[in-house]
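None of these values were measured; they are calculated from a predicted model. Atom set for the values below is all heavy atoms of this structure, side chains included, hydrogens, waters and symmetry mates excluded.
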Amino acid sequence: MAHRDVLRVPLPDGSHLALTCDVAAGVGPKPMDAVAAPGETVGRFTARVALLELVAVGAEPLALVDGLAVEPGPTSQAILDGIRAELIAAGIPDLPVTGSLEKNLHTTMTAVTVTAVGLIRSGPAKTGRAGDRLVVIGVPKVGGEVRLGDPTLADVPAARALLQHPAVHALIPAGSGGVLPECEVLAAEAGCDFQLDEPEAPSLRKSAGPATCLVAAVDPAAVAALAQLVRQPVWAVGRLV
């Protein structure tokens, strides 16, 4: 059975501690990075992925933990600035952040991990249902295609707006596997199969990099209305059956 990238730890009161993690390596301002990008961009998108995974399961973020495999200096400061900027954009500027740097060696490649900790209060998880449309919000992009300020990329405010709509029954970020594996997860959670409108469409299998799009299970009558909730493109790709 397909599963989300979220660890849920049951607590005595019936709630769950939720932990998510994302990593970026070889992307940044250092000489051996495969994709050149500012440190702030790396920090923002790595934090965004971990936060999106939390928000999509209805968790309230409690803290972030960063692991920066770069030495203290301009690169690490830029990454930390990016993490803080993403928290501001997500509407949680005061979220506690802790972490560590590489203090013994000089590094030639950027590597970052961000773990997000959240709380899922007691209550049933949101799942899709037979007949729902599978809808993508945002555009799959990866590597050098990913840019800050791109209005086609998914973000935390979009995820929150979607989850507040009663017609959105479930939501999941898409990552390096692309849209297709997330359709499988939503179907598995709902106890359904799924059908794709265009099974061979390249956009279904293209990497979505740092969660540049979301996949939702939505009441068919509300698909058009979602475009009014978010700035990102909204496009249907299939249905739960």
Side-chain angles (χ1 to χ4, degrees), residues 2-6 20-56 64 66-70 75 78-79 82-83 85-86 89-90 107-116 134-159 162 171-186 196-216 230-238:
H3 295 282
R4 293 177 184 249
D5 296 328
V6 181
T20 65
C21 183
D22 189 53
V23 63
V27 180
K30 286 188 165 289
M32 295 300 291
D33 285 326
V35 176
E40 181 180 359
T41 299
V42 177
R44 285 201 64 168
F45 280 105
T46 310
R48 183 178 301 182
V49 175
L51 289 170
L52 281 171
E53 294 282 4
L54 277 189
V55 170
L64 284 187
D66 62 75
L68 308 188
V70 296
T75 301
I79 294 170
I83 291 172
E86 188 60 28
T107 62
T108 58
M109 179 184 290
T110 305
V112 179
T113 183
V114 173
T115 298
L134 293 170
V135 176
V136 178
I137 301 93
V139 177
K141 294 186 179 181
V142 67
E145 299 174 314
V146 180
R147 294 282 188 273
L148 284 177
D150 182 345
T152 71
L153 304 187
D155 55 21
V156 173
L162 291 162
L171 185 74
I172 189 170
S176 57
V179 168
L180 183 57
E182 313 309 346
C183 294
E184 295 172 351
V185 172
L186 293 178
L196 298 174
D197 298 340
E198 298 181 44
E200 302 306 317
S203 57
L204 296 177
R205 292 167 174 80
K206 178 181 178 179
S207 171
T212 61
C213 63
L214 310 168
V215 186
V230 296
R231 63 176 183 171
Q232 293 83 359
V234 176
W235 40 294
V237 297

Next item on the list: Give the C-alpha distance, both sets of side-chain angles, the deciding distance and a yes or no for side-chain contact (heavy atoms from CB on, under 4.5 Å) between Leu134 and Leu186.
Entry: CA-CA 9 Å; Leu134 293 170; Leu186 293 178; 4.0 Å; yes

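- Taking the side chain as every heavy atom from C-beta outward, Val70 and Ile79 approach each other to under 4.5 Å.
- Between Cys183 and Val215, the closest side-chain pair of non-hydrogen atoms falls below 4.5 Å.
- Contact detail for Ala216 and Ile137: the closest heavy-atom pair is CB-CD1, 3.9 Å.
- Judged purely by atom type and a 3.5 angstrom limit, Gln232 uses its side chain to pair as donor or acceptor with the backbone of Leu153.
- When side chains are defined from C-beta on, Val234 counts as touching Val135, because their heavy atoms get closer than 4.5 Å.
- One finds no salt bridge joining Asp155 and Arg44 here, because no Lys/Arg side-chain nitrogen approaches an Asp/Glu carboxylate oxygen to under 4.0 Å.
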Item checked: Val156 vs Leu52, side-chain contact (heavy atoms from CB on, under 4.5 Å): CA-CA, chis, key distance, verdict -> CA-CA 6 Å; Val156 173; Leu52 281 171; 4.1 Å; yes

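- Not one N or O on the side chain of Trp235 forms a donor-acceptor pair closer than 3.5 Å with the backbone of Val139.
- Within the structure, side-chain hydrogen bond (donor to acceptor under 3.5 Å, both in side chains) pairs that include any residue of residues 137-148 comprise Lys141-Asp150, Lys141-Thr152, Glu145-Lys206 (at least two apart or interchain).
- Formation of a donor-acceptor pair under 3.5 Å by the Arg205 side chain with backbone atoms of Glu200 is not found in this model.
- For the residue pair Val42 and Ala37, the shortest heavy atom distance occurs at CG2-CB, 4.5 Å.
- Heavy atoms only, all atoms of each residue included: Ala56 and Pro173 are closest at CB-CD, 3.9 Å.
- Of all heavy-atom pairs spanning Ala208 and Cys213, the tightest one is CB-SG, 3.9 Å.
- In this structure the side chain of Asp5 never reaches within 4.5 angstrom of the side chain of Thr20, judged on heavy atoms.
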Next item on the list: Begin with the C-alpha distance, continue with both residues' side-chain angles, and end with the deciding distance and a verdict on side-chain contact (heavy atoms from CB on, under 4.5 Å) for Leu196 and Leu204.
Entry: CA-CA 9 Å; Leu196 298 174; Leu204 296 177; 3.7 Å; yes

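- Ala211 approaches Ala154 most closely through the heavy-atom pair O-CB, 3.8 Å.
- In this structure, CZ on Arg48 lies 10.0 Å from OG1 on Thr212, to the nearest 0.5 angstrom.
- Evaluation of the salt bridge (Lys or Arg N to Asp or Glu O under 4.0 Å) test over residues 27-41, restricted to residues two or more places apart or in two chains, returns Lys30-Glu71.
- Annotation: side chain of Thr113 is in contact with side chain of Cys21 (closest heavy-atom distance under 4.5 Å).
- Contact of the Val27 side chain with the Phe45 side chain is not registered, since no non-hydrogen atoms from C-beta on lie closer than 4.5 Å.
- Side-chain contact check for Leu51 versus Val114: every heavy-atom pair is 4.5 Å or farther apart.
- Taking the side-chain contact (heavy atoms from CB on, under 4.5 Å) definition, one finds that Asp22 meets it with Thr46, Val49, sequence neighbours left out.
- Looking only at side-chain heavy atoms (C-beta outward), Val136 and Leu214 stay at 4.5 Å or farther from each other.
- Contact detail for Gly28 and Thr110: the closest heavy-atom pair is CA-OG1, 3.8 Å.
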